[in-house]
Amino acid sequence: MTDEKPSEQLLSRRGALTALAGAGVVATSAQLAMSQTAAAVPATAQPADVVFVNGRITTLDPKKPVATGLAVRAGRILATGTNYEIRRFAGPNTKVIDLRGRRVIPGLNDSHTHLIREGLTYTAELSLAGVTSVADALRLIKFQADRTPAPQWIRVIGGFTKWQFREKRLPTLAELNAAVPDKPLIVLHLYDRALLNQTAVRLLGFTKDTQAPPNSQIEVDAAGNPTGLLIAKPDPLLLNSTLARLPALDPASQATSTRLYMRHLNARGVTSITDAAGGGTLYPESYSVINQLHAQGQLTVRIGYHLFPRTRGGELNDYKQFVASTKVGGDDFLKLSGAGEVVLFTSVDFEDFEEPRPTLPSSMDAQLRDILALFAENEWPFRLHATYDESVNRLLNGIEQVYGPSGPKAPFILDHAETVTAVTIDRIAKLGGTVAIQDRMAFQGETFQQRYGTRAATHTPPVRRLLRSGVPVGLGTDATRVASDNVWIALYWITTGRTVGGTRLYRSDNTLDRTEALRLLTQGSARLSREDDRKGTLRPGALADLAVLTEDYFTVPDSRIPGIESVLTMVDGKIVHAAAEFSTLNPPLPTIVPAYSPLLTGANRL
């Protein structure tokens with residue numbers, strides 16, 4: 001491992017949206033004169049739709065872990081093997097793609113993210129991912145503000161951390177007001193605070209009489225007037241409710257935004273995700289766009305989604321309505337996976353390490369049992385947000401009391417579990433639970449160290465201990481507010497033990513090698529959703545979801561892992577993204593809206 005910090009170039013998704021150029025390395029088998037190099041398609045087999053040759057293919061299939069060629073038919077992997085073996089599956093209309101030695105991996109599967117929510121706003125948001133100084137962040141914000149017509153908002157909605165800046169601080173309110181004096185600006189930092197310029201304060205109607213919700217704060221000056229700083233202490237309700245008041249894109253623009261966000265993920269090599277709902281995601285209205293795109297055959301990412309309660313204090317009634325009106329399941333592109341990650345608002349311990357660990361109220365336990373009893377009666381899967389070991393144990397108590405010592409028949413997932421202990425891990429294993437971990441510590445590791453100490457951070461979360469226990473573990477990002485959607489940062493973090501700010505959190509006893517990490521972001525995530533029979537490997541019969549990489553993940557220096565992208569992504573046997581020498585295969589993009597989108601101004605890159 002190196003001590004090198006990821007560069008701005010490798011972490012950033014900024015830059016102008018440009019047309020991709022280059023010759024696609026593709027032909028029919030007739031054009032390649034296949035008869036001169038290989039035997040014909042076996043008489044008993046139908047020709048492949050697509051054949052890849054001359055690659056370095058990591059299948060994660062123990063029977064054949066590496067290959068140079070791969071054949072696809074009808075959305076499934078038909079065969080893997082040598083170039084000679086795979087060329088036998090090419091018929092006169094087979095598309096043959098020469099990989100030119102590029103690395104191929106199974107499509108990446110983010111086991112905990114928030115695609116549905118982000119899709120509704122993606123094209124209107126400015127990203128600070130990869131920006132390495134406060135000065136550059138301010139220049140980028142001003143650049144976008146100068147290209148955004150009044151009264152539209154400039155929105156930076158998470159996905160970055162102050163620790164990525166050389167100054168190790170956020171822009172001040174004075175700096176933000178100077179950069180954007182006359183248009184509304186909001187900057188959300190993780191889930192600990194939001195910074196509003198004075199124009200935004202006025203438009204939102206914050207005054208000296210405005211009261212903050214419990215466990216939050218509206219900062220005021222000496223005269224009692226709001227400064228523009230909103231603080232979660234640690235409940236982010238104030239932050240989420242403020243975001244909910246921002247103008248929404250119209251439904252057609254939301255559909256376009258969601259399509260473009262999926263293509264952005266495809267460019268990362270992502271082919272599947274599990275959506276953990278989240279603040280502001282309301283069923284059914286927040287799901288109308290994704291359902292529409294599914295009906296139109298326009299999904300380019302496979303999505304399993306969960307349902308969040310609509311009302312604080314009314315969670316049980318909300319879930320009674322969901323259970324009565326919806327059914328768990330779906331197809332390989334869109335399915336309802338269950339409840340969560342929040343099933344009861346008082347059971348959430350948040351992930352704001354700027355604030356002390358919250359203690360869950362005593363009233364939570366009985367309320368949680370009532371909700372779990374509803375899930376048990378209807379065999380609904382669920383997932384539960386829990387950052388701290390103390391919270392995990394309270395949740396496990398409820399599960400044991402409702403389901404008994406063997407746990408539920410339907411799957412359940414514990415999300416985050418940063419400080420879970422060995423004893424608690426054994427409890428999870430006995431109850432048949434699974435754990436979804438994310439790279440949140442890559443964005444907050446330094447903050448955690450400041451509060452709890454360097455030693456406590458060395459096994460937060462205890463990845464190695466979880467794997468030794470046999471508890472199924474999936475890897476993800478928790479994007480897009482408390483972390484970036486760059487899944488390669490998750491792989492960088494878990495293999496090097498380093499944050500995006502360069503701090504080393506873990507030593508070798510709590511890091512994974514690159515193959516182990518890749519398994520968690522493919523097979524591990526698929527196992528959590530009980531889809532590992534068809535996802536996570538490139539073995540015959542598996543779904544034809546794969547990514548061809550810009551650089552070889554297994555050999556590049558550590559610092560270049562976060563900059564890896566896909567030059568060709570396939571989902572269900574269809575190419576959904578292509579760049580570089582494959583750019584002629586790139587499917588058309590929808591027209592970007594709104595007209596001031598950072599994707600058009602050059603502040604963001606698709």
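- Side-chain atoms of Y261 and D485 form a donor-acceptor pair, as typed in the model, at a separation below 3.5 Å.
- Side-chain N/O atoms of S272 and K535 include a donor and acceptor closer than 3.5 Å.
- No side-chain donor-acceptor contact under 3.5 Å links S253 and T256.
- Taking the six-membered ring wherever Trp is involved, the centroid distance between the rings of F375 and Y319 falls below 6.0 Å.
- With hydrogens and angles disregarded, no donor-acceptor distance shorter than 3.5 Å links the side chain of T346 to the backbone of M364.
- Evaluation of the ring pair (Phe, Tyr, Trp, His ring centres under 6.0 Å) test over residues 350-369, restricted to residues two or more places apart or in two chains, returns F353-F448.
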*Step by step, would you call R312 with L237 a side chain to side chain contact (heavy atoms under 4.5 Å, CB included)?*
CA-CA 11 Å; R312 292 186 179 227; L237 174 60; 3.6 Å; yes
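- With hydrogens and angles ignored, the 3.5 Å screen pairs a side-chain donor or acceptor of N197 with a backbone N or O of K183.
- With hydrogens and angles ignored, the 3.5 Å screen pairs a side-chain donor or acceptor of N486 with a backbone N or O of P562.
- Using a cut-off of 4.0 Å between Lys/Arg side-chain N and Asp/Glu carboxylate O, R357 and D349 are scored as not salt-bridged.
- With S286 contributing its side chain and Y283 its backbone, the two residues share no donor-acceptor pair below 3.5 Å.
- In this structure, the separation between CD1 on I428 and CG on L414 is 5.0 Å, given to the nearest 0.5 Å.
- No hydrogens or angles considered: a donor-acceptor pair under 3.5 Å links the side chains of R481 and N240.
- The heavy-atom pair separating V473 from L528 by the smallest distance is C-CD1, 3.8 Å.
- Not one N or O on the side chain of D439 forms a donor-acceptor pair closer than 3.5 Å with the backbone of I494.
- In this structure, Q401 contributes its side chain and R369 its backbone to no donor-acceptor pair below 3.5 Å.
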Mind listing the side-chain donor-acceptor pairs of residues 297-305 below 3.5 Å, one per line with the distance, residues two or more places apart or on another chain?
unit_1: T300; atom_1: OG1; unit_2: N266; atom_2: OD1; d: 2.7
unit_1: R302; atom_1: NE; unit_2: D545; atom_2: OD2; d: 2.7
unit_1: R302; atom_1: NH1; unit_2: D332; atom_2: O; d: 3.2
unit_1: R302; atom_1: NH2; unit_2: D545; atom_2: OD1; d: 3.1
unit_1: R302; atom_1: NH2; unit_2: D572; atom_2: OD1; d: 3.2

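- With sequence neighbours excluded, the residues that form a salt bridge (charged side-chain N to carboxylate O under 4.0 Å, His left out) with E285 are R310.
- Taking all atoms of both residues into account, the shortest heavy-atom contact from F443 to F160 is CD2-C, 4.3 Å.
- The side-chain heavy atoms of L491 and V487, taken from C-beta on, include no pair separated by under 4.5 Å.
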*Determine, step by step, whether R193 and E219 satisfy the salt bridge (Lys or Arg N to Asp or Glu O under 4.0 Å) criterion, reporting the C-alpha distance in whole Å, the side-chain angles of both residues, the deciding distance to 0.1 Å, and the verdict.*
CA-CA 11 Å; R193 65 198 59 220; E219 185 186 73; over 6 Å; no
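- For the pair R245 and F206, the cation-pi test (distance below 6.0 Å, angle within 45°) is passed.
- For Q321 and S325, the side-chain atoms include no donor-acceptor pair closer than 3.5 Å.
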*L120/L249 under side chain to side chain contact (heavy atoms under 4.5 Å, CB included): CA gap, chis, key distance, verdict*: CA-CA 7 Å; L120 303 180; L249 295 175; over 6 Å; no
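- Between D478 and the choices Q438, H385, H112, the side-chain hydrogen bond (donor to acceptor under 3.5 Å, both in side chains) rule is met once, by H112.
- What you find for S216 and D235 is that their closest heavy atoms are CB-O, 4.1 Å.
- In this structure, the side chain of H189 engages the main chain of K162 through a donor-acceptor pair within 3.5 Å.
- Looking at every heavy atom in both residues, V201 comes nearest to P226 through CG1-CB, 4.3 Å.
- E355 has a carboxylate O that lies under 4.0 Å from a charged side-chain N of K233, or vice versa, which qualifies the two as a salt bridge.
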_Test side chain to side chain donor-acceptor pair (under 3.5 Å) applied to T477 and D110, step by step_ = CA-CA 7 Å; T477 63; D110 190 332; 2.6 Å; yes
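- In this structure, F308 and F322 have side chains that are not in contact, with every pair of non-hydrogen atoms separated by 4.5 Å or more.
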*asked:* If you apply the rule side chain to side chain donor-acceptor pair (under 3.5 Å), what do you find for E351 with Y191, and how did you get there?
replied: CA-CA 8 Å; E351 62 283 329; Y191 263 142; over 6 Å; no
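- Taking both residues in full, the closest heavy atoms of H306 and G340 are given as CB-O, 3.2 Å, listed atom of the first, atom of the second, then distance.
- For the atom pair I575 CD1 and M570 CE, the distance stands at 5.0 Å (nearest 0.5 Å).
- Note: L239 CG to I231 CD1 = 9.5 Å, rounded to the nearest 0.5 Å.
- The backbone N or O of L128 sits less than 3.5 Å from a side-chain atom of Q164, completing a donor-acceptor pair.
- No donor-acceptor pair under 3.5 Å is formed between the side chain of W493 and the backbone N or O of M441.
- Taken from OG in S347 to CG in L384, the straight-line distance is 6.5 Å, to the nearest 0.5 Å.
- Contact record, A547 with S566: CB-OG, 3.9 Å, taken as the closest heavy-atom pair.
- Residues E125 and T121 bring a donor and an acceptor atom of their side chains to less than 3.5 Å of each other.
- Checked against the 6.0 Å centroid criterion, the rings of Y122 and H264 qualify as a close aromatic pair.
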*asked:* With side chain to side chain contact (heavy atoms under 4.5 Å, CB included) as the criterion, how do I413 and V435 come out once you've worked through the C-alpha distance, each side chain's angles and the decisive distance to 0.1 Å?
replied: CA-CA 5 Å; I413 300 170; V435 174; over 6 Å; no
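- Checking R263 against N586 by side-chain atom types alone, a donor-acceptor pair falls below 3.5 Å.
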*Determine, step by step, whether T281 and R117 satisfy the side chain to side chain contact (heavy atoms under 4.5 Å, CB included) criterion, reporting the C-alpha distance in whole Å, the side-chain angles of both residues, the deciding distance to 0.1 Å, and the verdict.*
CA-CA 6 Å; T281 309; R117 180 179 64 192; 3.6 Å; yes
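- Looking only at atom types and distance, the side chain of R440 has a donor-acceptor partner in the side chain of T387 under 3.5 Å away.
- Results of the ring-ring contact (aromatic ring centres under 6.0 Å, His included) test with F412 over W380, Y403, F382 single out F382 as the only residue that passes.
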*List the steps and the verdict of salt bridge (Lys or Arg N to Asp or Glu O under 4.0 Å) for R427 and E400.*
CA-CA 10 Å; R427 289 188 72 193; E400 287 178 339; 2.8 Å; yes
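- In summary, the side chains of E418 and T460 do not present any donor paired with an acceptor at a separation below 3.5 Å, with no hydrogens or angles considered.
- Remark: side-chain polar atoms of S111 are paired, donor with acceptor, to backbone N or O of L475 under 3.5 angstrom.
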*D389/T424 under side chain to side chain donor-acceptor pair (under 3.5 Å): CA gap, chis, key distance, verdict*: CA-CA 7 Å; D389 185 71; T424 304; 2.7 Å; yes
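- Distance check, rounded to the nearest 0.5 Å: CG of L230 to CG of L195 gives 8.0 Å.
- Atom OG of S529 is separated from atom CG of N109 by 6.0 Å, given to the nearest 0.5 angstrom.
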